[in-house]
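This structure is a prediction, so every number in the text was calculated from the model and none was measured. Proteins come first, then strands; the chains are lettered A, B, ... in the order of their sequence lines, and each starts at number 1.
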Number of protein chains: 2
Amino acid sequence: MCDPLSPTTGRTGPVASDISRRRKAAAQEQGPLYMERRGRLMGAAADIFREQGLDGASLNDIAKRAGLDRATLYYYIESKEDLYRAVVEDVVHDNVNAVEKVRNGEGSGADKLSQAIHLLMDSYEKNYPHLFLFVAEDFGRRGQVRRQGRKPAAAAAVEDWRTQLVGLGDAYYSALKSVVAEGLADGSLSSQLSPGLVAHGVIGMVSWSHRWFKPEGRASAEEIADGFTAMVLDGIGVRRG
Amino acid sequence: MCDPLSPTTGRTGPVASDISRRRKAAAQEQGPLYMERRGRLMGAAADIFREQGLDGASLNDIAKRAGLDRATLYYYIESKEDLYRAVVEDVVHDNVNAVEKVRNGEGSGADKLSQAIHLLMDSYEKNYPHLFLFVAEDFGRRGQVRRQGRKPAAAAAVEDWRTQLVGLGDAYYSALKSVVAEGLADGSLSSQLSPGLVAHGVIGMVSWSHRWFKPEGRASAEEIADGFTAMVLDGIGVRRG
DNA sequence: GTCTATACTTTGATAGAC
DNA sequence: GTCTATCAAAGTATAGAC
């Protein structure tokens, strides 16, 4: 290691700026100051994305919330999409993994369905608002992300990234559908409905909570999950016969 | 001396352009050509809004789909928000009115709940994609609509309009909650859950269909409504005891 | 690490000729 | 009725000084 690259004049030469390299270096280093500020930035971004959505949020708003200048963000992140990704990716992955673990685990289909509902509501609460950011966006739509600026993030990369997120949503749906099908097969569930329709209904019921659920609200995530589970399994109509 | 290019002759004077006045005049006139082209524009706008969302859609895209120049749109509409409003407003109003009519009508609470579910799914199909455009947007978020251009639509007016749309969503929720409460009171529904939670769940189940429902798809809106109604009233768990 | 200044892009909207 | 030309605003991202 050596840093003899100062100009031979002895003067402090012009700094090689290239924030892209400095960003990568800092990311590798993972110094304590870097990590702390990066964490604060992620929190601010989560708030703003929650309030305004991916499109509606501007880096200006996020920078202001984080107490930084807009340009400073680029020391920590590569682009707006990169920032959004950093905020939601882990939590979404964890969630899909968790549901797939439930599907592959022990228990009846009905039990697993209940577990899945509780799991998701729990995650909404624990990881608020990160998971909601993902649920609120409809990545199935094309061209939603509008690219501006002198060097917009590479279109192909952005498209790849969107496709990945769509895939995660699909994986979640697929796992839940399997759970329902298993329940119908093992006799713990009984319905004329297709597993796919049930899965859509359950996911809708739970996902829609991003429009009204507040962590400090009257009902806890667990109570809501209990309620939805009872509704789906037992129904709310009076028993006939 | 005198500028020979100066049009000081008795020739036809400069036209008073003012497209705003001409737009209002044409709207009053309602000539057949105007109505036909306006209708085509609304159809194109509905398509693009469906694909890209309110924010993601650009007037350029909409104009292209309608086979017009971007500037020509302003002969028919006042602003982007005005266009979106024209596309969704009637259908959303009709829907809220229909649900309130169900609430005020005859029948048990359980019957009314079933009616409401069928009504909404039917409307999704019949008015596709207009009602979906509304459901897909989250007007509860602030500052989502980004205003650009030399003279952005008056911020106050846009805010008013957003508040109105939020109000329509609230009215829908409120009506459905009443229906559930009535069912619990008249004995046609039986549950420990709060009417509000049930209403949220049902609305979520149905509204989420904007992410997956296709009018040409395997299941019709009526079949889906039948399925969701059965799921909510009877449940899909095996009967105990 | 952070900021000022600025390049470049896209958009919504107008003016005014035809 | 429609179009060309253009505007002002807001955005993303970069360069480079400190």
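Distance from the side chain of B/Ser79 is smallest for C/dA13 among the nucleotides C/dA13, D/dG11, C/dT11.
Summarising the geometry of B/Glu137 relative to B/Leu54, their closest heavy-atom pair is OE2-N, 2.8 Å, with the distance given to 0.1 Å. Contact detail for B/Arg23 and B/Tyr74: the closest heavy-atom pair is NH1-O, 2.7 Å. In terms of heavy-atom proximity, B/Tyr172 sits nearest to B/Ala116 at OH-O, 4.0 Å. A/Tyr173 approaches A/Gly196 most closely through the heavy-atom pair OH-CA, 3.4 Å.
Going from atom OH of B/Tyr76 over to atom C1' of C/dA13 covers 18 Å, rounded to whole Å. In this entry the distance linking CZ of B/Arg22 with P of D/dT2 reads 10 Å, nearest Å. The CG-C1' distance, from B/Leu73 to C/dT14, rounds to 13 Å in whole Å. Atom CZ of A/Arg23 and atom C1' of D/dG16 are 16 Å apart (whole Å). Between the CD1 atom of B/Ile77 and the P atom of C/dA13 there is a distance of 7 Å, rounded to whole Å. Taking atom CG of residue A/Leu41 and atom C1' of nucleotide C/dG1, one finds them 13 Å apart after rounding to whole Å. Here the C1' atom of nucleotide C/dA13 and the CG atom of B/Leu83 are 14 Å apart, to the nearest Å. The nearest whole Å value for the distance from the CD atom in A/Glu78 to the C1' atom in D/dT14 is 13 Å.
When the side-chain nitrogen and oxygen atoms of B/Tyr74 are compared with OP1 and OP2 of C/dA13, one or more of them lie within a distance under 4.0 Å.
A donor-acceptor contact under 3.5 angstrom links the side chains of A/Asp61 and A/Ser58, judged on distance only.
Between A/Glu125 and A/Phe213, some side-chain heavy-atom pair lies under the 4.5 Å cut-off. A/Phe139 places a side-chain heavy atom less than 4.5 Å from the side chain of A/Trp161. When side chains are defined from C-beta on, B/Asp94 does not count as touching B/Asn127, because their heavy atoms never get closer than 4.5 Å.
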Can you give each donor-acceptor pair under 3.5 Å made by side-chain atoms of residues 25-43 of chain A, sequence neighbours left out, with the distance rounded to 0.1 Å?
| unit_1 | atom_1 | unit_2 | atom_2 | d |
| --- | --- | --- | --- | --- |
| A/Glu36 | OE2 | A/Arg40 | NH2 | 2.9 |
| A/Arg38 | NH1 | A/Tyr76 | O | 3.1 |

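Residues of residues 25-37 of chain B that place a heavy atom closer than 4.0 Å to DNA chain D, in numerical order, are B/Leu33, B/Tyr34, B/Arg37.
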Measure all distances between protein nitrogen or oxygen atoms and nitrogen or oxygen atoms of nucleotides 3-6 of chain C, and list the pairs falling under 3.5 Å.
| unit_1 | atom_1 | unit_2 | atom_2 | d |
| --- | --- | --- | --- | --- |
| C/dC3 | OP2 | A/Asp69 | N | 2.8 |
| C/dC3 | OP2 | A/Thr72 | OG1 | 2.8 |
| C/dT4 | OP2 | A/Asp69 | OD1 | 3.4 |

